[in-house]
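Heads up, the thing below is written out as structure tokens.
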Amino acid sequence: MIEQAWIIAIIPIVAWLIIFLFAKALKEKVAYVGILAMGISLLLSVLTFSEALGGTVEKSFPWAVVGDIKIPVGFQVDPLTAVMLLVITIVSLMVQIYSVGYMHGDVRYAKYYAIVSLFSAAMLGLVLANNFFWLVLSWEIMGLSSYLLISHWYEKPEAAAAGMKAFITTRIGDIGLLLGTIMLFVYTHSFEFNVIAEKIHAGEINQGIVTVAALLVFAGGVGKSAQFPLHVWLPDAMAGPTPGSALIHAATMVAAGVYLVARAYGIFVATPYALFWVALIGGFTALFAATIATVMTDIKKVLAYSTVSQLGYMMLGLGAGSYTAGIFHLMTHAFFKSLLFLGSGSVIHAVHSQEMHEMGGLRKKLPITYWTFLIGTAALAGIPPFSGFWSKDEILLAAYRSPYPVLFWMGVATAGLTAYYMTRAVILTFFGQPRDHHKYEHAHESPPVMTVPLVILATLAAVSGLPGSPFLHNAFGEFVKFGHGHEAEPSSFVMIIAISAALLGVLAGVAIYGYKVISREKAIRSWRPLYLVLKNKYYVDEFYMAIFVRGTVLLAEIVGFFDRYIIDGLVNLVGWLGMQLSFLSGLFDKYVIDGMVNGVAAITMALGNSARRLQTGFVQSYAITLFAGVVIGLILIQLIGG
Amino acid sequence: MSYLPILPEIVLTAAILFLTLVVVFYQGENRNGVMMTGTIFGLSVTLLTLAFVPPFAGYLFSGMLTLDGMAFFFRWLFPAVGLFVAFMAREFLEVKKAENPGEFYVILLLAILGMMLMASSGDLITIYLGLELTSISSYILAGYLREDPKSGEAAIKYFLMGALASGVLLFGMSLFYGLTGATNLVSISGILHQVGAPPLVLAAMVFLIIGLGFKVAAVPFHMWAPDAYEGAPTPVTAFFSVGPKAAAFAAIIRVFTDGLSSLVWEWSLAFAVLALITMTLGNLTALWQKNVKRMLAYSSIAHAGYIMVGLAAGTWQGTVAMLLYLLAYVFTNLGIFAVVTALGNREGKDELTDFTGLSQRSPYLAAALVVFFLSLIGIPFTAGFFGKFLLFGAAVQSGLVWLALVMAVNSAISVGYYYTVVRNMYLVAPKNKGALPVAGELKLVVTVALLVTLILGLFFEPVLGRLVAFTLPG
């Protein structure tokens, strides 16, 4: 199977086409098409994975050869790809099964399934590509389908705006990726990851250029993986359907940025400067987003900022030099975060609200959702032996062994905050007294089509960390590693700190929200400035609005102003001078040559008059710019040229 | 001397003469349709003969013409553009009750003949002849709707400014003649290689850059374009945005890469600056337009800026990228204008608000327009992507990373104004309800443009390979 692994990406495209073409005839049966396709892809991914344990495959042939431009088509299956294939197909399949219940009766049911299939196909293509060219193509298709998915309910203005915001914000990063790709191509004459890495490794490329190219590629990852300062789109993207969010924010789009850094790791390791930035941005984003998550009251917003924060964690792991740790966390996070999103969807389905302050006490009403959500929380909070603990531990270990201890403490603080805000979310949602009795009365557990995926994902969230634990002899690290891999020496200090931070966070959450040892209102009052800053997400959106959006508007206005007033003014001035001249010549005619040349004077006046009429038009201003251009051009070329 | 290589031009000229006679002597009710058929027939025969003549005849008529690969590309492209415009014109002329609809086609063919001449020129004189034939025909086309004051305004402005620019251009050409004693581009190139770059040569070059820069509507010589585009009949606007513009680019490539190759450092720098301000101003101003034709005028200004990036690169890779981009841009833009024409024929005002609810009134046109916009933005699997990709590559290769960056930022800005139209089509309730009746030939034009846009996006390799073979040095 591994020899034909590309089929895994083709199957969902076929599903997309079928859904697209027969949407009207199939109605809600389109779901089966999508699920069946993803099921087959999952099966093939499992086969591919088992074969990948035996060895790596790479196949490539030229698609377009033009002069010295060679554009290849090719795929590879190495441990990284094999793991990604499994993660994507499992999560996508669970999301699609879940959506049968969640999206039932939606106005654009078929469109939803079509886009989910396209989305999955793009992500699968992205991890299979063995070269930048196809990676960028898949990347762009994913950007487009994320726009469509986020603005699925485009009647809601916030959904339409969020889709647009996601598209444009990520595009800023995409530009970097595109430029980085082209730069690497120009200097290595190849798009293929392996060839590029080899050439860089051989020292054929100038170190400075490698650094710039790596940072440009990283910009793409910053955009897609919602890292600071391009994180703003992700929380808004919660306006999309919740299962869609689970897909975007767990296994596909946001993971693509982390995957990109891992895939291009050969470029990053060649320049310590680039890796340092990856670690710094990752660590900062992790901490930054975790602090915001502590004050959000919308359950999906909590998970959104948590996602931003956890992606930062993965970047931190990669940047700190542990390829294995970053990918390991990517995998465990995909399972527990999609579980949490789908769980929150189940809650929203039950109470028709996303505000945690309108929930409370739901654990009796939604037992399956409650238990699975609790497992997801434990995994995210890093409570042993759930999956998140093992992967976080590896990242913290890598940060601890890196030359920058500050990264380690950033990670520890994030771990504590994570445990805190997740405990808070669980207590507000499932414990205590119902705060909205009407909503509570009408809440009921979701149908099995939604709860079964939750149970499956909960199982994975619980156990998927074990391959990276000492119990299984760190099998994951043996399989997914960069180069020969080098095991960071385990440290009981790191493990103790990690567990303490998590427990501390849980305790704080329980103390404030469970037993109300510390009054929430009082805390907010005494820390009001900090609370406001967090509540407003550090005012980043406002800042962007002020600088970029208004700035563009202002620039356009200045351009318009210049067009309208300056050039027109210039013309009018010339026109006025012309009029004065003709007036003077009129005077001259009238009084000096009086009478004799009345005819000439009349002609002059007529000319002046017609000139005035012409001068109020625009054509003259155009002509003036033309000649001004000539003059300026002549001056410039003599200054620069020669 | 054999006249065989220029048989396509001879066929086209014969068609023009014949159709002129038809205009004079045939006064039947359906003369609009008859003339359209005749035009399409004439252009088709031109294209057919082009397939049978030797494409690379080299220098002809004492170097007056250069029939190389690039000439072949444009000589093929321009009659194809003519076919599109002729199909778009018939219903438009009928709806707007134009007088003498027949003459429209004859003048259109004259402009195409001029464009073909420009692209295959080997001499400043033939370039100027072709340019004037195209320009004068264009002035008339711009003012074709005599009853419409906006159309008259467009023609007058276009004419006045065009005449000035022609003067500037001609002055530059005369300077070159004075300096080198030659008008032939190859001879000029040879002499310039010996004399280097004295100040007067550079001055002459500036005149050429500005004269031709005007014709492609490069900022700051663009001001005529929005007025002319807005006022001209919509099929003519479509024609302006692709035909004379592409022809002027052909002339620029001829003059600068053939004739002034020794001054590549100087002119590539000039075009880099022009590209920068052209795309930025074009895109920023487009954001604020309410009239769709005016918006597309600024959009086409911006695209001229992108294309100039290929000139700024100053390499043959840049030229290949320009040609591929032009190809993608021409067909995409023609498709867009076909939709605008279809809508304008019914709604009449070409305002952006006319597009409201188009997805319900004509789902096909709306979807096609989205694809066209994606191509203009440069999304993969549409024609525009590879063009942009190659332009980026050419710029980076020449060390112009900053320009590539500006271009990328610009194409992000352009999403803004294209999105306005998409939003109107899909998210805003229609102003006028009911299905939009669309003439068959407009549907055909849209479909062909759509196919070209998608096919070029997927299978660009044969085209690219041929373009490279056309432009490879030596």
Side-chain angles (χ1 to χ4, degrees), chain A residues 63-69 71 133 136-141 143-144 151 154-155 160 164 167-168 171-172 174-176 178-179 181-183 185-186 212 216 552-553 555-560 563 567 617-623 625-630 632-634 636-638 640-642, chain B residues 156-157 160-161 164-165 168 197-199 202-203 205-207 209-210 213-214 220-221 223-224 227 263 265-266 269-270 273 281 284-285 287-288 317 320 374 379-381 385 389-390 392-393 395-397 401 404-405 408-409 411-413 415-416 419 423 426-427 460-461 464-465 467-468 472:
Chain A
W63 178 40
V65 182
V66 181
D68 58 351
I69 302 173
I71 298 176
F133 190 83
V136 170
L137 280 189
S138 313
W139 188 272
E140 293 281 351
I141 296 171
L144 191 66
S151 52
Y154 56 65
E155 297 86 353
M164 204 55 201
F167 190 69
I168 289 179
R171 265 210 95 72
I172 296 171
D174 296 352
I175 291 166
L178 192 60
L179 280 178
T181 302
I182 291 171
M183 245 180 108
F185 178 75
V186 167
V212 172
L216 283 170
T552 312
V553 172
L555 194 60
E557 274 173 3
I558 291 171
V559 169
D563 229 38
I567 293 176
F618 287 98
V619 184
Q620 280 70 15
S621 64
Y622 305 169
T625 34
L626 182 70
F627 287 115
V630 172
I632 294 170
L634 285 175
L636 282 181
I637 201 80
Q638 301 301 351
I640 302 165
Chain B
I156 286 287
K157 283 182 176 167
L160 286 174
M161 291 308 297
L164 278 173
V168 171
L202 292 179
M205 189 185 82
V206 168
F207 281 104
I209 291 177
I210 290 173
F214 170 89
F221 318 113
M223 293 170 148
W224 58 275
D227 294 347
L263 303 176
W265 189 83
E266 283 85 357
L269 184 70
V273 175
L281 237 89
L284 282 178
T285 324
L287 287 171
W288 305 99
Q317 286 92 341
V320 172
L374 290 178
I379 302 285
F381 299 128
F385 172 74
F389 192 81
L390 289 180
F392 274 135
V396 174
Q397 200 166 32
V401 179
L405 203 62
V409 171
S411 56
I413 295 177
V415 175
Y419 180 69
R423 194 188 56 211
Y426 282 90
L427 304 184
F460 73 106
E461 198 220 333
L464 181 60
L467 286 180
V468 170
L472 257 181

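We name chains A, B, ... by the order of the sequence lines, and we start the count at 1 in each one.
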Greatest number of non-hydrogen atom pairs under 4.5 angstrom with chain A, of B:Val415, B:Leu374, B:Leu405, B:Val409, falls to B:Leu405

When the 4.5 angstrom heavy-atom criterion is applied to B:Phe392 and chain A, the contacting part is both

With sequence neighbours left out, the residues meeting side-chain contact (heavy atoms from CB on, under 4.5 Å) with B:Ala165 are B:Phe214

Rounding to 0.5 Å, atoms CZ (B:Phe381) and CG (A:Leu144) come to a distance of 11.5 Å

Closest heavy-atom pair, A:Leu137 versus B:Pro380, reported as atoms and distance to 0.1 Å, is CD2-CB, 3.1 Å

Correct closest heavy-atom pair for B:Ala412 and A:Ile175 would be CB-CD1, 4.4 Å

Pair count under 4.5 Å, heavy atoms only, with chain B: among A:Val212, A:Thr181, A:Val630, highest is A:Val630

Across all chains, not counting sequence neighbours, the side-chain contact (heavy atoms from CB on, under 4.5 Å) partners of B:Ser411 are B:Tyr306, B:Lys388, B:Ser414

Separation between CE (B:Met205) and CG (A:Leu634), nearest 0.5 Å, reads 10.0 Å

So, the part of A:Leu179 with a heavy atom under 4.5 Å from chain B: the answer is side chain

Honestly, the part of A:Ile172 sitting under 4.5 Å from a heavy atom of chain B is neither

Cut-off 4.5 Å, heavy atoms of chain A, and the answer for B:Ile379 is side chain

- Message: Can you confirm if the aromatic rings of B:Tyr426 and A:Tyr154 lie within a centre distance of less than 6.0 Å?
- Response: no

task: Begin with the C-alpha distance, continue with both residues' side-chain angles, and end with the deciding distance and a verdict on side-chain contact (heavy atoms from CB on, under 4.5 Å) for A:Ile182 and B:Gln397.
output: CA-CA 9 Å; A:Ile182 291 171; B:Gln397 200 166 32; over 6 Å; no

When rounded to the nearest 0.5 Å, the distance separating CZ of B:Phe389 from CZ of A:Phe185 is 7.5 Å

Ranking B:Pro199, B:Ala270, B:Pro198, B:Pro220 by heavy-atom pairs under 4.5 Å to chain A gives rank one to B:Pro199

